[in-house]
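One structure is given here, and the rest of the page talks about it.
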2 protein chains.
Amino acid sequence: MRATVKDVAKLAGVSPKTVSNVINGVVFVRPETRARVERAVSELDYVPNMSARGLRNGRSGMIGLALPDLLRPYSAEITHLVVELAHERGWGVQIQQTAAEPEREFELLSKARAHLVDGLILNPINLGDSAVMTAGPLPPVVLIGDVDQDVVSQVAIDNVGAARDMVQHLLDQGCRRIAAVGTPESPSGSSGAGTLGGSATIAGTAAARLRTTGYHQALADAGIEPDPELEVALDRWSPDGANLVVSRFLAGHEPPDAFFCFTDSIAIGTLSALWAAGVAVPDKCLVAGFDNILESQYAVPPLTTIDFDRRAFVHSALELLAERMADKDAVPRRVLIPHRVVARASTTR
Amino acid sequence: MRATVKDVAKLAGVSPKTVSNVINGVVFVRPETRARVERAVSELDYVPNMSARGLRNGRSGMIGLALPDLLRPYSAEITHLVVELAHERGWGVQIQQTAAEPEREFELLSKARAHLVDGLILNPINLGDSAVMTAGPLPPVVLIGDVDQDVVSQVAIDNVGAARDMVQHLLDQGCRRIAAVGTPESPSGSSGAGTLGGSATIAGTAAARLRTTGYHQALADAGIEPDPELEVALDRWSPDGANLVVSRFLAGHEPPDAFFCFTDSIAIGTLSALWAAGVAVPDKCLVAGFDNILESQYAVPPLTTIDFDRRAFVHSALELLAERMADKDAVPRRVLIPHRVVARASTTR
DNA sequence: TTGAAAGCGGTACCAC
DNA sequence: GTGGTACCGCTTTCAA
């Protein structure tokens, strides 16, 4: 049977409270007593019961991480960093997949309120309908990614600016006819090359809208009229989705001067479609991505992309969460992480 | 303040026990009583406290998933499926990263014994030194991936057979000089092209050894003497590591007929190195991977790889875990998931 | 079918 | 500095 504080206390000849003091090491305990307790602990192979501790303290020592889709390499990098940096703070990480379903986001908040997690890092997709905006008393929550709200703390990058910078970079390379891949699905379905079916939709994402805005701004600055035909909508930001819509696009259009893909995953699918269509990159057509995932450097050819300090990004998220956990009434903060264009072979001839 | 069972009971005019019965829906409750309780629950916005329930029941409703490195796309796919399939069983998933450090694997088992998780799915790297093999009473554990042991349940694929099949495929394409990328580091450091530094080591992994064995077997079957120069060691199975060692290899050797890469991530780094060196794939050199990650289909060129049913793989892991959780003394089982070679453009001229 | 009370394992409040 | 004790919220005997 499992040993408890009482067993340890009995063996060490002290009270349960003293055992607790030794384990949590907060108040001063006479070294001799401490040693006796520690010996008893190891002798009985005692491990504290987290459920009991959680019940008593009202905290579980775990945070929740909710991402729309764990398959995206971007998600994997975020997860990796959250787990690592949370570990440094002594927090465990419970992971959830919201599949862009508001219902799942709601379920999460319940779990948080059920004291399963002490706080939540949430990468929302459909925040408009999301529970975050509607529910009453919230657990400590930090949003990652772009969302228009000021209810909870948030860490993000300047999506509009980054998209503008990237399109500017493509313009600098002499491109005029620049397609965007990953634009929000238009309700009318009139966009360039059709869309891919699927339950998990990313259309309407704040990021998609903001990056489209940046794309439009850069074109406008260069005096170029946006061509709706060049806006390729996508309902899932994945290589397979991108590969499909870009292949369709190429079947119906001349290749543009460049494809600005809203994520590196999209860019990888785009590169594949161009390769299959026999369009050489960067000789005939440039390709740029967004996020600088690890794989992008080893794409063929290596991919130009938007980079930002992901570790700083996640660090800020945890910092903001810690703030909220310490003081539920702290005023929500918003942290913006700087970005830059990383030019690689896919956009340099 | 948070509502508790008592509050609900009082409002509904019943006892806490009845509330519990309604919530857990196990015993029969008079519909009228049930309705009253349910109304009280929603009126008070009651959410059960999981810590208390966990303390009482001795189960937390969560399982732990421990992977050596969350960055690998392969890990991301596993995580995705574990989270999804565990969700279907009503389990939460706590995620850990062991960084191939036995110490972290040990920490995990502690957490399991601390009742933070009810069971553990562990992808071990250094199982030789791992706590799994040494510790006394284990929580329910299922290993994923190849390991030589019969202490706990396990789900795996036939690494030797799969590697042999893949090399056979390359031989069938007319290759004779076939390099292997990802072989274990030899202690003497005498292997092909040197290795990459780093704290997280994957050398000595069972998978690396088994895939090397399969590679040797296929060569032997074809009457080809293995050439140690063609065994490129790698201490991290990542694109950057592979890109580096393959670039070095190409600087010192003629390109082989083919590279058999021990994972798709390695293959992606290898494709990039070949592209940079101006070696055309598949015209001058074939490349094959292993795992069939989502990205491999959209590599340039699309990557030949070993595929297996990942969903079945994870499903089996959860099934085995459920068995162990139900009966700690159940005899450990081992499930083998079938594999097949998926031939794509990277190995077909 | 439902109610009352005990207890899961730790910790905080108060004494000493 | 350390010991007793109540109590966190839920579930599970045992009675009614």
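We use all heavy atoms of the structure for the numbers below, so side chains are in, but hydrogens, waters and symmetry mates are not. The chains referred to below are lettered A, B, ... by the order of the sequence lines, with proteins before strands, and numbering in each begins at 1.
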### Message
For residues 40-62 of chain A, which residue pairs pass the ring pair (Phe, Tyr, Trp, His ring centres under 6.0 Å) check, not counting sequence neighbours?
### Response
none
### Query
Under the ring pair (Phe, Tyr, Trp, His ring centres under 6.0 Å) rule, what pairs show up with a residue in residues 49-86 of chain B, not counting sequence neighbours?
none
### Message
My understanding is that only residues two or more places apart in sequence, or in another chain, count here; which of them pass side chain to side chain donor-acceptor pair (under 3.5 Å) with A/R310?
### Response
A/E77
### Message
When you measure from the side-chain N and O atoms of B/T18 to the phosphate of C/dT1, is any distance below 4.0 Å, counting only OP1 and OP2?
### Response
no
### Message
Does a side-chain N or O of A/S15 approach OP1 or OP2 of D/dG3 to a distance below 4.0 Å, or not?
### Response
yes
Can you tell me how far [atom2] of [N] sits from [atom1] of [X], to the nearest Å?
| X | N | atom1 | atom2 | value |
| --- | --- | --- | --- | --- |
| B/K10 | C/dA4 | NZ | C1' | 15 Å |
| B/E32 | C/dT1 | CD | P | 14 Å |
| B/L55 | C/dA6 | CG | C1' | 13 Å |

### Message
Each nucleotide in nucleotides 11-16 of chain C should get exactly one letter: B, S or -. Can you fill that in based on protein heavy atoms under 4.0 Å?
### Response
BBB---
### Query
From D/dC10, C/dG10, D/dG1, pick the nucleotide closest to the side chain of A/N49?
C/dG10
### Summary
Quick note, A/P48 side chain, CB onward, closest among D/dG9, D/dG1, C/dG10 is C/dG10
### Query
Among pairs that include at least one residue of residues 85-95 of chain B, which meet salt bridge (charged side-chain N to carboxylate O under 4.0 Å, His left out), considering only residues two or more places apart or in two chains?
B/R89-B/E319
### Query
For A/V8, which contact category applies under a 4.0 Å heavy-atom criterion: base, sugar-phosphate, or nothing?
nothing
### Query
NA contact type, B/T33, heavy-atom cut-off 4.0 Å: base, sugar-phosphate, or nothing?
sugar-phosphate
### Task
Please name all residues satisfying ring pair (Phe, Tyr, Trp, His ring centres under 6.0 Å) with A/F313, sequence neighbours left out, ordered by chain then number.
A/F308
### Message
Using the side chain to side chain contact (heavy atoms under 4.5 Å, CB included) criterion, which residues pair with A/K10? Sequence neighbours excluded.
### Response
none
### Task
Please identify each residue that fulfils side chain to side chain contact (heavy atoms under 4.5 Å, CB included) with A/R34, with sequence neighbours left out.
A/V22, A/V29, A/E38
## Note on the structure
Double-helix bend of the helix from C/dT1-D/dA16 to C/dC16-D/dG1, axes at both ends from 5 pairs, round to 10°, gives 30°
### Query
Can you find a pair of side-chain heavy atoms, one from A/I337 and one from A/V335, that are under 4.5 Å apart?
yes
### Task
Kindly indicate whether the side chain of B/L85, heavy atoms from C-beta on, has any atom under 4.5 Å from the side chain of B/R311.
yes
